[in-house]
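Written out below as structure tokens is the structure these notes cover.
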Amino acid sequence: MIAFLGSVLALVVALGVLIAVHEFGHFWVARRMGVKVIRFSIGFGRPLWKRMAADGTEYVVAAIPLGGYVKMLDEREVEVPEEELDRAFNRKSVARRFAIVAAGPFFNFLFAVFAFWLMFVNGIPGVKPIVGEVVKDTPAARADLRPGQEIIAVGGEETPTWDAVFDRLLPKLLLGEPVELTVRTDGRTETRHLPLERAGREVKPEELVSSIGLRPQRPDLQPVIGEVQGGSPAEAAGLLPEDEVVAIAGQPVDDWQTMVEAIRDSPGEALTFSLLRDGERIEIEIRPARVETEQGAVGQIGAQVKIDPSQAAALSSKWQQGPVEAVGSSISRTWEMSSLTLRMLGEMVIGRVSTESISGPITIARYARDSAYAGFSRFLSFLAIVSISLGVLNLLPIPVLDGGHLMFYLVETVKGSPVSETTESVGQRIGIAIIIALMTLAFYNDLVRLAG
């Protein structure tokens, strides 16, 4: 229940921010173009809060946080008094209408630049990208990557953490483009050519990174308990900090990973733990809780490992830039992600990329929750990426979206007169049908992921 509420809260905050940014773009430019704004609404449906400003604009926060709108004075919707005709949206030039409609997606991109900038300045704590394992017959093995090497750059971009490495590799993976890695081996800097092939339609999005064949170096963690969560199976069974696990169900435990795997493979099953406590060997029984994940049911007991501070410091790093340097990086990052999103949409249309990549509000809510729990910088990255997606999607030439309106304005510019009401009406019906189809596919993908 807590995870569900966390997902809902994170989704509401994320969508609220991004919708407000998008609609504020329309609102701000409309006011500067001399158009009267009747209502500025975040959300649809029954108003939860509203206020009438002195200039006649009504500000609303509505119950359904899945969109928003800016209602402007328009002769096509209401009868406009003669003294206010010059403030009607439909009376403005094509260029002004174009600017007002394009402002929403533009503000989404502008927000992404700001979010990425703040993320880079704040920094993302992470782990040094030191290779721990290379899987045979994978791109990493063919690039002659070896355990112990540190990946210091991908495609010429510095990579101080594993997050930075995977962040740079993901676009190349999606498009099947090879990339140059710069690695440090025993103090020497070398270049490796990583051959990446386009992932097949059967490869799931979450499997893309693992398909490279790289495994991060893990610290040598001993099976010693560092912390026991309150209300967990471990606490109920009497497990204490500083306990050393030497065996589970009669099988020796050599390291923390062995212990974790034994617990994960036994959800709901009673396990006998052999412990060393103050030099004395004792046994207790713990029944791991059954936790459903996308990979199936796993066991958890609610205990954390004791970490040697010196080991943690040796592997820790931070992906961070100065305020000036971050400006260029944030603009470049926004451009790269916008281009990638558009290219991936095109690949989906021609069938070269699986439509499983399309996500709905359920998946977005889970990502919002996970990124919020992971820290401020990760949540900023999530907001930036979703903002870019909203900007790109809204610019698609589909009637009812901003891009559809912009398409009609371009036609009006060429032919010298607005498109007919019949054409616009038919276009809107087609657009609504496309949007409903996309939403249905997104919800279907969400439900499939929930079902594992």
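- The pair Glu336-Arg168 counts as a salt bridge, with a side-chain nitrogen and a carboxylate oxygen less than 4.0 angstrom apart.
- Taking each heavy atom of Asn394 and Leu401 in turn, the nearest pair found is O-CB, 3.9 Å.
- When atom types are taken as modelled, the side chain of Trp49 and the backbone of Val60 share no donor-acceptor pair closer than 3.5 angstrom.
- Salt-bridge formation is detected for the pair Arg87/Glu84: a Lys NZ or Arg NE/NH1/NH2 atom is positioned less than 4.0 Å from an Asp or Glu carboxylate oxygen.
- Asp163 has a carboxylate O that lies under 4.0 Å from a charged side-chain N of Arg378, or vice versa, which qualifies the two as a salt bridge.
- Minimum interatomic distance between Leu118 and Phe376 (heavy atoms only, all atoms of both residues): CD2-CZ, 3.8 Å.
- In this structure, Ser425 contributes its side chain and Glu421 its backbone to no donor-acceptor pair below 3.5 Å.
- Checking side-chain atoms of Ser317 against main-chain N and O of Pro160 turns up a donor-acceptor pair under 3.5 Å.
- With hydrogens and angles disregarded, no donor-acceptor distance shorter than 3.5 Å links the side chain of Glu58 to the backbone of Arg39.
- In this structure, Thr57 contributes its side chain and Val37 its backbone to a donor-acceptor pair below 3.5 Å.
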Asp167 vs Val165, test: side-chain contact (heavy atoms from CB on, under 4.5 Å). Steps then yes/no. CA-CA 5 Å; Asp167 181 79; Val165 171; over 6 Å; no
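- With contacts defined as side-chain heavy-atom distances shorter than 4.5 Å, the pair Val183/Thr185 qualifies.
- Arg142 and Asp137 are not joined by a salt bridge, as no carboxylate oxygen comes within less than 4.0 angstrom of a charged side-chain nitrogen.
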Run the numbers on Trp117 and Met119 for side-chain contact (heavy atoms from CB on, under 4.5 Å), then give the verdict. CA-CA 5 Å; Trp117 178 84; Met119 178 195 76; over 6 Å; no
Do Ser93 and Arg97 pass the side-chain hydrogen bond (donor to acceptor under 3.5 Å, both in side chains) test, and can you show the C-alpha distance, the side-chain angles, and the key distance before you say yes or no? CA-CA 6 Å; Ser93 65; Arg97 281 179 280 144; over 6 Å; no
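- Not one N or O on the side chain of Thr159 forms a donor-acceptor pair closer than 3.5 Å with the backbone of Thr161.
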Go through it in stages, so that I can follow the logic: the residues are Val419 and Glu412, the test is side-chain contact (heavy atoms from CB on, under 4.5 Å), and I'd like the CA-CA distance, side-chain angles, deciding distance and then a yes or no. CA-CA 6 Å; Val419 297; Glu412 180 179 345; 5.6 Å; no
Show your reasoning for whether side-chain contact (heavy atoms from CB on, under 4.5 Å) applies to Met72 and Asp74. CA-CA 6 Å; Met72 292 171 274; Asp74 196 313; 5.8 Å; no
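- Classification of the Phe111-Phe114 ring pair by plane angle, with boundaries at 30° and 60°, yields tilted.
- In this structure a side-chain-to-backbone donor-acceptor pair under 3.5 Å is present from Ser377 to Gly123.
- A donor-acceptor contact shorter than 3.5 Å links the side chain of His26 to the backbone of Ile100.
- A 6.0 Å sphere centred on NZ of Lys415 holds more than 12 heavy atoms belonging to other residues, nucleotides or ligands.
- Contact check for Arg429 versus Ile432: no side-chain heavy atoms found under the 4.5 Å cut-off.
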Residue pair Glu75, Lys92: steps toward the salt bridge (charged side-chain N to carboxylate O under 4.0 Å, His left out) verdict: CA-CA 12 Å; Glu75 290 179 283; Lys92 298 301 179 181; over 6 Å; no
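- No donor-acceptor pair under 3.5 Å is formed between the side chain of Arg333 and the backbone N or O of Phe116.
- For the residue pair Ser332 and Ser329, no side-chain donor N or O sits within less than 3.5 Å of a side-chain acceptor on the partner.
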Can you check ring pair (Phe, Tyr, Trp, His ring centres under 6.0 Å) on Trp335 and Phe109, steps first, answer last? CA-CA 9 Å; Trp335 173 257; Phe109 296 127; 9.2 Å; no
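- Listed here is the closest heavy atom pair of Arg192 and Asp144: NE-O, 3.2 Å.
- Closest of all the heavy-atom pairs between Lys128 and Trp162 is O-NE1, 3.2 Å.
- The main-chain N or O of Trp28 is found under 3.5 Å from a side-chain atom of Arg32 such that the two form a donor-acceptor pair.
- Contact between Pro397 and Pro399 at its shortest, heavy atoms only, is O-CD, 3.8 Å.
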Report the C-alpha distance between Lys36 and Asp55 in whole Å, list the side-chain angles of each, state the deciding distance to 0.1 Å, and finish with yes or no for salt bridge (charged side-chain N to carboxylate O under 4.0 Å, His left out). CA-CA 9 Å; Lys36 180 178 180 179; Asp55 61 1; over 6 Å; no
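- Classified by interplanar angle (parallel below 30°, tilted 30° to 60°, perpendicular above 60°), the ring pair Phe40/Phe24 is perpendicular.
- Contact between Ala62 and Phe44 at its shortest, heavy atoms only, is CB-O, 3.2 Å.
- Ring orientation note: the planes of Phe27 and Tyr59 are nearly perpendicular, at an angle over 60° on the 30°/60° scale.
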